[in-house]
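One structure below.
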Amino acid sequence: MPAITLPDGSVRSFDGPVTGTTVAESIGAGLARAALAMEVDGKLCDISREIVADAGVRFVTRKDPEALELIRHDAAHVLAEAVQSLFPGTQVTIGPSIENGFYYDFYRNQPFTPEDFAAIEQRMKEIVAEAEPFVREVWPRDQAIAFFEEKGERFKAELIRDLPAGEDISVYRQGEWLDLCRGPHLRTTKDVGTAFKLMKVAGAYWRGDHRNPMLTRVYGTAWRDQKELDAHLHQLEEAERRDHRRIGREMSLFHFQEEAVGQVFWHHKGWRLYTALQDYMRRAQTRHGYQEVKTPQLVDRGLWEASGHWDKYRHHMFIATVEDEDKTLALKPMNCPCHVQIFRHGLRSYRELPLRMAEFGSCHRYEPSGALHGLMRVRGFVQDDAHIFCTEDQIADETVKFVKMLYEVYQDLGFEHVRVKFADRPEERAGSDETWDKAESALKEACLTAGVEYEHNPGEGAFYGPKLEFVLRDAIGRDWQCGTLQVDLVLPDRLDASFIGEDSARHRPVMLHRAILGSFERFLGILIEQHAGRFPLWLAPVQVVVASIVSDAAPYAEEVAAALRDAGLSVEADTRNDKINAKIREHSVARVPVILVVGRREAEQRTVAMRRLGSQDQTMAGLEEIVQQLKAEATPPDLRKKSTH
RNA sequence: GCCCUUAUAGCUCAGUGGUAGAGCAACCGCCUUGUAAGCGGUAGGUCGUGGGUUCAAAUCCUACUGAGGGCACCA
């Protein structure tokens, strides 16, 4: 006699076990039509499942978030059926729903190519139209293994073997075809709808392990309706328009070439952006009590052996030798061992702690070729790196200070949304479990003190210590991990760093590794995409263009440009013999934030007509007034705050 | 590193076995111009590199290099 409690609190009783479908029908024909699945006591399941005991039930309709996931998961099943019917001999593996869509990994001697998509999509649409019900069956494990092995589906058989004992082995049928699957699913293939599209093929290792065979993965996107699909495709186009590699080329910020793979050729406009950011960071560091240092690029392998990096990372390091000298050096892949050398140089007193040592550290890492991606992943980069040498007692306080600085910087740079993750000990690590216990609890406590709320990111810590990861969200909703704070009790020991304590004895300092931007290269990539190249005035590589209308106004245009240049702005005068329309267009396309137009009238009256990027309006103002206004506006946010204090 | 895709003029792209093309940009000239492309002309490419097939290769095959999308990696 199950009593079903609905979300509105009403209760319905039934004589015996009932399916969700029956319950929905008992409520109303409309709901019965709309209900795709249900949640029983908080657990999502097929609407055709029987409810045997009292339960709270909520029906999932197409507009619920769960529906989207089911649509995507089911689309993966439909994809798999389509592929197996078109390409016999292809083995199925797994096909989950993912953000914005789904994928399915197949094993086939000949990988799929995008040219196969049209046929597969066509077949998928046929399967959807057939409206085959998804039927769940529970099989004995041996039968399931035998069935899939019989069909030559060795990957599926392996999956079943590895399922925990006692777990139901469920398969879902859709017409003739079936797949091992935990479920739940929609009612029929028809519920998948037709708002899906196959997007790309990719290789993917079986079970994510590079020692396993490479499968061929087909990615698709799927939505509730055509409108949502179109919106998503439009969003992808928008992301492409913002792509920093495209904008970098269009604005002539930087380029890459074969002779220096993974390293940036910064052009003068890009470098202006870079230095504006670096100047800002330098001021922030100074303000927050950091000492800036600069350490060598090429360092003897002995130091890397001592630090433990040689052992773990030498295949990712650029190694250098000289003919006349029997030495091996490496381009530094990070700065910490060098900073320890400065710390160790001479006796340190507890009175000097915490000692915050910062460096715009130029590092090189031999990143795998497949990992390179524009500015986001490069082989030569500069970190806004710092190491805080302190006592264990100071960890919490330093964490509070760091977090404050980090939020201040992100806010100044236009990022409001920040998440924090706590990454704890990885499988492969240096230092004893006891050391790790200590480091992890110290960092957790510091978070508590700092009022930082974090998500758990298990096993993702650095090899020498746990870390906080700061993830910021950009204007189009993508997440980027930039900032980090890592507690390190291992390296000071390995490199024998010590200080003299109050008790006149030697003690080991703790090292906090920390960065806010991460790398300048990557962060600039993010900034470019965040603003789509339309930077706030203080960051814009060219802040103002003064465009003359007639050649008579050219001298005045030069004068205006000179006045702005004197005020510290980056300005160009465009006095070419061209139509003003063409000039406006050209500089707008180049994303110059301010265009000052001057003709005969302005020259006579000593005024300018100011036009902002993205606006059709123009405002007239006196030269002096405009210089003052733009000068104030071009002041970096930290300096602006200062002047208003 | 692995899988797929890809490489033609500065940029965006056309050209699928038979004498390398377009638009924009560049350069030259005319126009002195009032807020997102004025008009005309000129120049520019051993088709990523090396092999191969063919009477003939930008085009087909192959290797390498770079790039793009994933996977793996990310101190």
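At a cut-off of 3.5 angstrom, counting only N and O atoms as typed in the model, there is a donor on one side and an acceptor on the other between the side-chain of A/Ser551 and the base of B/rU32. Side-chain atoms of A/Tyr205 and base atoms of B/rG1 include a donor and an acceptor less than 3.5 Å apart.
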Each nucleotide of nucleotides 6-17 of chain B classed B (base within 4.0 Å of a protein heavy atom), S (only sugar-phosphate) or -, in 5' to 3' order, makes -----SS-----

Heavy-atom protein contacts under 4.0 Å, nucleotides 62-69 of chain B, coded B base, S sugar-phosphate only, - none: ---SSSSB

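Judged by closest nucleotide on RNA chain B, A/Val589 is the one of A/Asp209 and A/Val589 placed further toward the 5' end.
Remark: A/Glu258 pairs with no residue by the salt bridge (Lys or Arg N to Asp or Glu O under 4.0 Å) rule, at least two apart or across chains. Take A/Ser252 and apply the side-chain hydrogen bond (donor to acceptor under 3.5 Å, both in side chains) test, not counting sequence neighbours, and it matches A/His267. Partners of A/Trp436 by side-chain hydrogen bond (donor to acceptor under 3.5 Å, both in side chains), not counting sequence neighbours: none found. For A/Glu529, the side-chain hydrogen bond (donor to acceptor under 3.5 Å, both in side chains) test picks out A/His244, A/Arg478, with sequence neighbours left out. Shown here are the side chain to side chain contact (heavy atoms under 4.5 Å, CB included) partners of A/His268, two or more places apart in sequence or in another chain: there are none. Residues meeting the side-chain hydrogen bond (donor to acceptor under 3.5 Å, both in side chains) test with A/Asp552, sequence neighbours left out: A/Arg600. Taking the side chain to side chain contact (heavy atoms under 4.5 Å, CB included) definition, one finds that A/Gln84 meets it with A/Val92, A/Glu153, A/Trp177, sequence neighbours left out.
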Dot-bracket summary - RNA chain B, pairs being Watson-Crick or G-U whose distances fall under 3.5 Å, with | when paired to another strand: (((((((..((((....[..)))).(((((.......))))).....(((((..]....))))))))))))....

Are any protein N/O atoms closer than 3.5 Å to N/O atoms in nucleotides 73-75 of chain B? If there are, list each pair with its distance.
| residue | atom | partner | partner atom | Å |
| --- | --- | --- | --- | --- |
| B/rC73 | O2 | A/Arg377 | NH2 | 2.7 |
| B/rC73 | N3 | A/Arg377 | NH1 | 3.1 |
| B/rC74 | O2 | A/Arg377 | NH1 | 3.2 |
| B/rA75 | O4' | A/Tyr313 | OH | 3.1 |
| B/rA75 | O3' | A/Tyr464 | OH | 3.3 |

Under 3.5 Å, N/O pairs linking protein and nucleotides 38-47 of chain B:
none

